[in-house]
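Before any comments, here is the structure.
Residue numbers run from 1 in the order of the sequence given. Counting starts at 1 for both ligands and their atoms, in listed order.
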Amino acid sequence: MAVYTDVAAEDLAEFLKSYDIGELLSYKGIAEGVENSNFLLHTSQGAYILTLYEKRVAEDDLPYFLSLMAHLAERGVSCPQPARNRKGEVTSRLAGRPAAIINFLEGVWPRRPNVAHCAGVGEALAKMHLAGADFPLVRKNPLSVSGWRPLFALAAARADSVQAGLHDFIARELDHLEASWPSDLPVGVIHADLFPDNVFFLGDRLSGLIDFPFACNDILAYDVAICLNAWCFEPDHSFNVTKARALLKAYGRERPLSAAEEAALPLLARGASMRFLLTRLVDFLNVPEGALVQPKDPLEYVRKLRFQQNVASLNDYGITPAGCAA
Ligand SMILES: Nc1ncnc2c1ncn2[C@@H]1O[C@H](COP(=O)(O)OP(=O)(O)O)[C@@H](O)[C@H]1O
Ligand SMILES: N[C@@H](CCOP(=O)(O)O)C(=O)O
């Protein structure tokens, strides 16, 4: 559960007077997510999500995420839309935090993603990449390769308390990633956190994408690699080639990956593993006192990283070179 900052009912009711979305009927902290404080609001006009932005979101970046959601929706990508207050602003402050209200999106995220879900997310990711092509704002990815060593510094001294040898494992992998990270692949707007809990479905039909605070401009195929890691491993930690093939083929039907992008996927997936291993490790070692949050398991991403280190060819993802376009 993620509620780092509590909001008193009177403060919230007062806050809502600055919006034209009805009167507050009820609200509750949301039992999911780890990054920000989220509340489900019921007002006399409907259901909304209130987010108080926490540790990893800079206030200056809020216009990027909030206008991106509007930009994507105009181009047919289903995602929540920010509500404007009476001054016409999409961001505000509440309980000392930057705040925004977005509309509630119908659907549920898949607890056990199946092959159809993986195909759905591959297609939606490619459509999002295409729709973001003319988005005018730019935000560098603070959690790309140059951000990983500073993150590691926050956890290095205690890494071995989580698993013996973890410090040296990460240090060696960081050396490799920093030396070989690609700089010549196509870039654009990426979601950067498109995990199953950020993709809603009605049955097997994808109904929308949520949670854009990590969105930024970075390597497009890196977003694909993040999804391979997040969607294609089974609960027993094995990699499901059928799901990977479905995800990659569906992506490639909308936006074919180039040969260079395909060849880079194993390396990008190692980087994607490192990124989530590090944020999870830092969070696991630093749970704020009194916060309602269930930190995610960093070791899940150690296992994924070990798998990705051993990927020998695209066959391990269920495709042959240029297979994404088929
Ligand atoms: N627009 C929305 N419509 C419906 N539910 C939402 C919406 N935004 C967030 N949620 C709910 O809140 C949970 C946490 O939101 P999320 O954005 O993932 O958190 P965080 O800000 O911590 O990353 C989601 O799993 C979902 O249940
Ligand atoms: N997807 C990340 C956690 C990011 O936050 P969430 O609020 O979308 O759960 C991870 O799994 O480490």
Within the 4.0 Å heavy-atom shell around [X], which atoms of ligand 1 are there?
X: I30; result: 11 (C), 12 (O), 13 (C)
X: N38; result: 14 (C), 15 (O), 16 (P), 19 (O), 20 (P), 21 (O), 22 (O)
X: N198; result: 18 (O)
X: I102; result: 1 (N)
X: L105; result: 1 (N), 2 (C), 3 (N), 4 (C)
X: P80; result: 1 (N)

Interfacing atoms of ligand 2 (cut-off 4.0 Å, heavy-atom, F276): 2 (C), 10 (C), 12 (O)
For E35, the atoms of ligand 2 under 4.0 Å from one of its heavy atoms are 4 (C), 5 (O), 7 (O)
Identity and distance of the protein heavy atom lying nearest [atom]:
atom: atom 7 (O) of ligand 2; result: V34 N, 3.0 Å
atom: atom 4 (C) of ligand 2; result: D193 OD2, 3.4 Å
atom: atom 24 (C) of ligand 1; result: I210 CD1, 3.8 Å
atom: atom 1 (N) of ligand 1; result: N103 O, 3.0 Å
atom: atom 8 (O) of ligand 2; result: D211 OD2, 2.8 Å

Measure from the ring center of F307 to the ring center of F233 and say whether it is less than 6.0 Å. yes
Heavy-atom nearest neighbour of atom 14 (C) of ligand 1 within options E106, E32, E35: E32
Minimum non-hydrogen distance to atom 2 (C) of ligand 1, winning option of D211, I49, D193, D197: I49
Are [X] and [Y] close enough for a salt bridge, meaning some N to O gap below 4.0 Å?
X: K296; Y: E300; value: no
X: R75; Y: D134; value: yes
X: E59; Y: R93; value: yes
X: R111; Y: E32; value: yes

Structural part of [X] in contact with ligand 2, heavy atom criterion under 4.0 angstrom:
X: T279; value: neither
X: R280; value: side chain
X: N198; value: side chain

Against ligand 1, does F200 come closer than 4.0 Å with any heavy atom? yes
Worked check of salt bridge (charged side-chain N to carboxylate O under 4.0 Å, His left out) between E89 and R84: CA-CA 5 Å; E89 301 156 337; R84 289 189 183 276; over 6 Å; no
Treating N198 as the side-chain partner and D193 as the backbone partner, does any N or O pair qualify as donor plus acceptor under 3.5 Å? yes
Would you say that more than 12 heavy atoms from the other residues, nucleotides or ligands in this model lie under 6.0 Å from the CZ of F284, or not? no
Does a donor on one side chain and an acceptor on the other come within less than 3.5 Å for T51 and N36? no
Just verifying a value: how many Å separate I30 CD1 and N38 CG, rounded to the nearest 0.5 Å? 5.0 Å
When you look at F214 and E35, which way does the side-chain contact (heavy atoms from CB on, under 4.5 Å) test go after all the steps? CA-CA 10 Å; F214 288 119; E35 290 293 337; 3.4 Å; yes
For side-chain contact (heavy atoms from CB on, under 4.5 Å), just list the numbers for F39 and L52, CA-CA rounded to whole Å, side-chain angles, deciding distance to a tenth of an Å, and then say yes or no. CA-CA 9 Å; F39 299 85; L52 304 184; 4.1 Å; yes
